[in-house]
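Let me begin by presenting the structure, written as C-alpha cells, before commenting on it.
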Amino acid sequence: MRMVDVIQKKRDKKELTKEEIEFFVNGYTDGSIPDYQASALLMSIYFNDMTDDERAALTMTMLNSGDKLDLSAISGIKVDKHSTGGVGDKTSLPLAPIVAALGISVPMISGRGLGHTGGTLDKLESIPGFKVEISEKDFIKQVSEMGLAIVGATGNIAPADKKIYALRDVTDTVDSIPLIAGSIMSKKIASGTDALVLDVKTGSGAFMKSEEDAIKLANALVRIGKSVGMNCMAVISDMNQPLGNTVGNTLEIEETVDILKDKGPKDITKLVEILACQMAVLGEKASSIEDAQKMVDEVIKNGKALEKFKEMIEYQGGDSNIIDDYTLMPHAKFKIELPALKTGTVSKITADEVGIASMLLGGGRQSKDDLIDYGVGIKFHKKVGDKVDEGQSILTIYSNTENVDNIKELLYNNINIGNEVKPIELIHKIIQ
Ligand code: URA
C-alpha cells in the first residue's frame with residue numbers, strides 16, 4: 001500500500017477501507033509515514049468527512065495502538081462521564097461522588113487544563129496532598145472499595161491519538177467531527193467502562209460553536225460507543241457563558257463543596273443533576289429519570305454525596321478538612337472587584353475569553369509545561385440575565401499581583417450590559 005494513494009482516495013471523496021486506515025494510523029505512529037503525508041490526509045478528512053465505518057475503524061485502530069484497562073475486577077456496571085470541555089466546567093467533581101453515593105462504580109480518568117479550558121486534575125490538586133497519579137492496580141482497588149476514583153491516565157492509552165492530536169494541533173485540523181470523535185472515543189473505550197454519558201458543549205467557550213455541529217458530534221460519539229457495545233448517551237449543554245460562578249482551581253473546589261452541600265449556583269447544580277440522572281439510568285440503579293431525580297435529591301440532602309467526596313479526598317491522600325475550612329487551600333493575595341460601567345442587565349459573558357483571563361492570572365496553562373497558580377481566578381456575582389447597577393461589582397478577580405489592568409480590560413471587552421436579554425437555555429438537546 002502507498003500513502004499517496006490513500007491521500008488521493010480521501011481527496012477524491014472516496015471511502016477508505018479499514019486496512020487503509022490501519023496503514024495510516026499505525027504507519028504514522030511508528031514513524032514510517034512522515035508528517036507531510038499524514039497532514040495531507042488529515043486535511044482531506046477535515047474537508048471530506050468520514051463515513052460511520054471509517055470513523056469506527058479510525059477509533060478502533062487508535063484504541064488498539066495502546067493498552068486497554070481491564071476493570072472486570074470491579075463488580076457491577078461501571079459508568080463514566082466525558083465532557084468536551086469548557087470554562088468553569090467543574091461538573092465531574094460533584095457528579096462523580098453523587099453517582100457513587102447511589103451505589104454505582106465511577107472509575108473516572110480525567111485530564112489537565114490547556115488554554116482557556118480548565119482541567120479536573122488541576123482543580124483536585126488545589127486540595128493539599130491530593131494525588132492524581134495512581135497505579136492501575138490502586139485505581140481498581142479504590143473503585144472496588146469505595147465506588148469512585150478520579151485520576152490521570154494510567155498506562156499507555158491510545159498513543160496513536162496522542163501523536164495524531166499533536167499534528168492536528170499544528171495543522172489546524174482539530175475541529176473536525178470525525179477526528180474529534182475518534183480521538184475521544186478511542187480513549188474512552190480504552191478506559192474500560194460499560195457505559196458513558198457525554199456532555200457535549202456548544203457555544204463560544206466550546207469546540208463546537210454551533211448547536212448543529214454539537215449535535216453532529218454527539219451523534220458521532222454515541223454511534224461509535226454503541227458500535228463497540230458501550231451504552232452511551234449525550235447531553236448537549238450550553239457553553240456561551242462560564243458554568244457556575246467560579247473559574248479557577250481552588251475557587252472551583254469551593255463551588256463543588258457548595259453544590260454537594262446543596263447551596264451551589266443554579267445552572268451548574270441543574271446540569272450535574274441531569275447528568276447524574278442519566279448515569280443512574282445507564283447504571284441500572286433507576287428505572288426512569290423521575291426515579292433517578294428523587295434518588296439524586298436524597299443523596300445530596302442527606303449528605304451521602306458529600307461524604308463520598310470526603311472519602312475520595314482521604315483515599316487519594318488529600319486533606320478532607322478543606323470541606324469545612326476553605327482557607328486550607330491556596331488563595332490569592334488580592335481580591336479586586338470589577339464594577340459595572342452602567343446600569344442594565346448582563347446580556348453576554350464570552351466564556352472562552354473569561355477562560356483566557358483566568359489563564360493569564362496564572363490559573364491555567366499557555367503551554368503544556370506551565371505551572372498552575374491554584375489560588376487565582378474569577379468569581380461572578382452577576383451572570384447573563386441578572387440586573388446590575390452602575391458601580392456594583394459584576395465579579396471579583398483573585399490575583400497574586402495587584403496590577404490587573406490587562407485582565408480588567410479583557411473582561412470589560414467580553415461582558416455586555418444591555419436592556420432586554422434572551423435567557424440562556426442550559427440544555428439544548430438530549431441524544432439517546
Ligand atoms: N478532546 C479530545 O480528546 N480529542 C479531540 O480531538 C478534541 C477534544
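Indexing begins at 1, ligand by ligand and atom by atom, following the structure's order. Any value given below was found using the heavy atoms of this structure, including those in side chains, with hydrogens, waters and symmetry copies removed.
Here Lys261 does not pair with Asp258 in a salt bridge; the nearest charged N to carboxylate O distance is not below 4.0 Å.
No side-chain N or O of Ser186 forms a donor-acceptor pair with one of Asp161 less than 3.5 Å apart. Judged by distance alone, the side chains of Ser347 and Asn416 never bring a donor and an acceptor atom under 3.5 Å apart. A side-chain donor from one of Gln293 and Asp297 sits under 3.5 Å from a side-chain acceptor of the other. Donor-acceptor pairing under 3.5 Å is recorded for the side chains of Asp35 and Tyr28.
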Anything under 3.5 Å between an N or O on ligand 1 and a protein N or O? List each pair with its distance, or write none.
| unit_1 | atom_1 | unit_2 | atom_2 | d |
| --- | --- | --- | --- | --- |
| ligand 1 | 3 (O) | Lys187 | NZ | 2.5 |
| ligand 1 | 4 (N) | Ser183 | OG | 2.6 |
| ligand 1 | 6 (O) | Arg168 | NH1 | 3.0 |
| ligand 1 | 6 (O) | Arg168 | NH2 | 2.9 |
| ligand 1 | 6 (O) | Ser183 | OG | 3.4 |

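Here Met43 pairs with Tyr46, Phe47, Thr173 under the side chain to side chain contact (heavy atoms under 4.5 Å, CB included) rule; sequence neighbours left out.
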